[in-house]
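Reckoned from all heavy atoms, side chains included, excluding hydrogens, waters and symmetry mates. Please read all numbers here as calculations on a predicted model, not as lab measurements.
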Amino acid sequence: TLAGSVTSIVNRRPVQGAGAIAIDAATGNSGIAITDRLGRFAVRGPPTGSYPVYYPVLGGRLADMAAAQKARVIQGRITNTSATLPVGGTVTGTVMSGNPAQPAPDVCVELVRGGSGPRILRGSATRPNGGYTVTTLLAGSYLGQFTDCSPVSDQAPQWYPGTPFRGKAGKITVRSGQVTSGIGGTLTPDGSLSGTVTGPGAQPLAGICATVYPHSGDPTPIVAITGADGSYTVPEAVPGSYNVEFSSGCGATGYVTATYPSPVTVTTGTATTGID
């Protein structure tokens, strides 16, 4: 059992209705509890292990917080822990899209806390006027991403202040009890990338991995697979420069890996074809 209490830094009084979530990412073991009117909680049943503890709150002045140290849970024992929640900060802004730019509703806003402290992610969605508000943020530096979450998603995701790559995102400073405003952006349409892969005798090859690597920024690749006619498509490619590699492993075997001879540029709202 992991047991303890949660109090407020404002008045040192118990916080009712706060969460206490313990997760061991290595094993997938987890447990959750909600504080009572005295601010007490008990997470029962997690196996022996070391658990980061996260204390989320819903609304109000206080901030979500992650414990600085892991809690060591041992079978048959009660591990005591506690937390004092600080006053939270707020981030607001407006997201636009289109040309001319119009307010963009249904855009998912995610703020990821960086730095050396515990990782915290909070989110919201834009209203019909394109505006959003994220509250209960622990003070610190964050990165912000805007992603089109509408039923018909056709806008490229974007990191504040206007880059497709997380590695080039700017820091958003959140201060306790204060509002950081003007954190917005203008989304632009996705591009696409497609081509055909052939083998000996110019015959189309199915089951070839077409792996698209960003030329700069985030290292995460996109993998498309060729169909029976040898063609592949990456329908929602963030505008930018990519290297493209073709290899066995997605159904086909026995072929030497080939790389497209030059970086491929994907532009907003444009289909880039012929990457063969």
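Side-chain contact check for Thr7 and Thr84: at least one donor-acceptor pair (N or O, by modelled atom type) lies under 3.5 Å. Side-chain N/O atoms of Arg122 and Thr136 include a donor and acceptor closer than 3.5 Å. No side-chain N or O of Asn243 forms a donor-acceptor pair with one of Tyr260 less than 3.5 Å apart.
Separation of atoms OG1 (Thr135) and CG (Leu62) is listed at 11.0 Å; rounding is to 0.5 Å. Between Thr226 atom OG1 and Tyr232 atom OH the span is 10.0 Å, to the nearest 0.5 Å. Atom-to-atom distance recorded for Asp190:CG and Leu187:CG is 9.5 Å, nearest 0.5 angstrom. Once rounded to the nearest 0.5 Å, the distance linking CD of Glu245 with OG1 of Thr259 reads 5.0 Å. One finds the OG1 atom of Thr147 at 13.0 Å from the CG atom of Asp106 (value rounded to the nearest 0.5 Å). Of the inter-residue distances, the one linking Ile183 atom CD1 with Thr133 atom OG1 reads 12.5 Å to the nearest 0.5 angstrom.
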| Evaluation steps, side-chain contact (heavy atoms from CB on, under 4.5 Å), between Trp159 and Gln145 | CA-CA 4 Å; Trp159 290 87; Gln145 186 180 38; 3.3 Å; yes

| query | Passes side-chain contact (heavy atoms from CB on, under 4.5 Å), Ile34 versus Phe41? Steps please. | reply | CA-CA 6 Å; Ile34 304 295; Phe41 69 89; over 6 Å; no

| query | Between Ile172 and Leu111, does a side-chain contact (heavy atoms from CB on, under 4.5 Å) hold up when you go through it step by step? | reply | CA-CA 9 Å; Ile172 302 167; Leu111 298 178; 4.1 Å; yes

| task | Starting from the C-alpha separation in whole Å, work towards a yes-or-no answer on side-chain contact (heavy atoms from CB on, under 4.5 Å) for Thr48 and Arg72. | result | CA-CA 8 Å; Thr48 295; Arg72 178 64 178 168; 3.8 Å; yes

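Sparse packing is recorded around CZ of Arg175, with 12 or fewer heavy atoms of other residues, nucleotides or ligands lying under 6.0 Å away. Applying the 6.0 Å contact sphere to CD1 of Ile32 captures more than 12 heavy atoms from other residues, nucleotides or ligands. Residue Arg61 qualifies as open at atom CZ: its count of foreign heavy atoms under 6.0 Å is 12 or below.
A donor-acceptor pair is defined here as one N or O able to donate and one able to accept, closer than 3.5 Å; such a pair exists between the side chain of Ser248 and the backbone of Tyr255. Side-chain atoms of Arg113 come within 3.5 Å of backbone atoms of Ala139 as a donor-acceptor pair (strictly under, hydrogens ignored). Proximity of a side-chain donor or acceptor of Asp36 to a complementary backbone N or O of Arg40 within less than 3.5 Å is detected. Put simply, the side chain of Ser82 never gets that close to the backbone of Val6: no donor and acceptor are under 3.5 Å apart. Using a distance-only test at 3.5 Å, with no hydrogens or angles considered, a donor-acceptor pair links the side chain of Thr126 to the main chain of Val107. Thr94 places no side-chain N or O within 3.5 Å of a backbone atom of Gly184 that could act as its donor or acceptor partner. Judged by distance alone, with hydrogens and angles left aside, the side-chain atoms of Gln155 form no donor-acceptor pair with the main-chain N or O of Ser97 at under 3.5 Å. Remark: side-chain polar atoms of Thr1 are not paired, donor with acceptor, to backbone N or O of Ala3 under 3.5 angstrom.
In terms of hydrophobic clustering, with Ile, Leu, Val, Met, Phe, Trp and Tyr side chains grouped at heavy-atom distances under 4.5 Å, Ile208 and Val264 are assigned to a common cluster. No continuous path of hydrophobic side-chain contacts links Tyr242 to Tyr213 [ILVMFWY only; heavy atoms under 4.5 Å]. The hydrophobic clustering, which links ILVMFWY residues whose side-chain heavy atoms are closer than 4.5 Å, places Tyr160 and Val238 apart.
Contact annotation: the side chain of Leu2 approaches that of Val53 to within less than 4.5 Å [non-hydrogen atoms, C-beta and beyond]. No side-chain heavy atom of Asn29 sits less than 4.5 Å from a side-chain heavy atom of Pro46. Side-chain contact between Ser181 and Thr92: present, with at least one pair of heavy atoms (C-beta onward) separated by less than 4.5 Å. At a threshold of 4.5 Å between non-hydrogen side-chain atoms, the residues Pro86 and Met65 count as touching. Looking at Leu138 and Asp64, their side chains never come closer than 4.5 Å, going by heavy atoms from C-beta outward. Taking 4.5 Å as the limit, some side-chain heavy atom of Tyr55 sits within range of a side-chain heavy atom of Thr81. Here the side chains of Pro221 and Val212 are not in contact, with every heavy-atom distance at 4.5 Å or above. Looking only at side-chain heavy atoms (C-beta outward), Ile23 and Tyr51 stay at 4.5 Å or farther from each other.
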For a quick test of your reading: what N or O donor-acceptor pairs under 3.5 Å do the side chains of residues 265-276 make, sequence neighbours left out?
from: Thr267; atom 1: OG1; to: Thr270; atom 2: OG1; distance (Å): 3.1
from: Thr268; atom 1: OG1; to: Pro189; atom 2: O; distance (Å): 2.7
from: Thr270; atom 1: OG1; to: Thr268; atom 2: O; distance (Å): 3.3
from: Thr272; atom 1: OG1; to: Thr265; atom 2: O; distance (Å): 3.4
from: Asp276; atom 1: OD1; to: Thr196; atom 2: N; distance (Å): 2.8

When the side chains of residues 9-20 are checked against the rest of the protein, which donor-acceptor pairs come out under 3.5 Å, sequence neighbours left out?
from: Asn11; atom 1: OD1; to: Arg13; atom 2: N; distance (Å): 2.9

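The shortest heavy-atom contact between Pro235 and Ser192 is O-CB, 3.7 Å. Heavy atoms only, all atoms of each residue included: Pro105 and Pro128 are closest at CB-CA, 3.8 Å. Taking each heavy atom of Val73 and Pro47 in turn, the nearest pair found is CG1-O, 4.1 Å. Listed here is the closest heavy atom pair of Ala101 and Thr186: CB-CG2, 4.3 Å. Closest approach of Ser194 and Thr233 over heavy atoms only: CB-OG1, 3.8 Å. The two residues Ile21 and Pro56 make their nearest non-hydrogen contact at CD1-CG, 3.9 Å.
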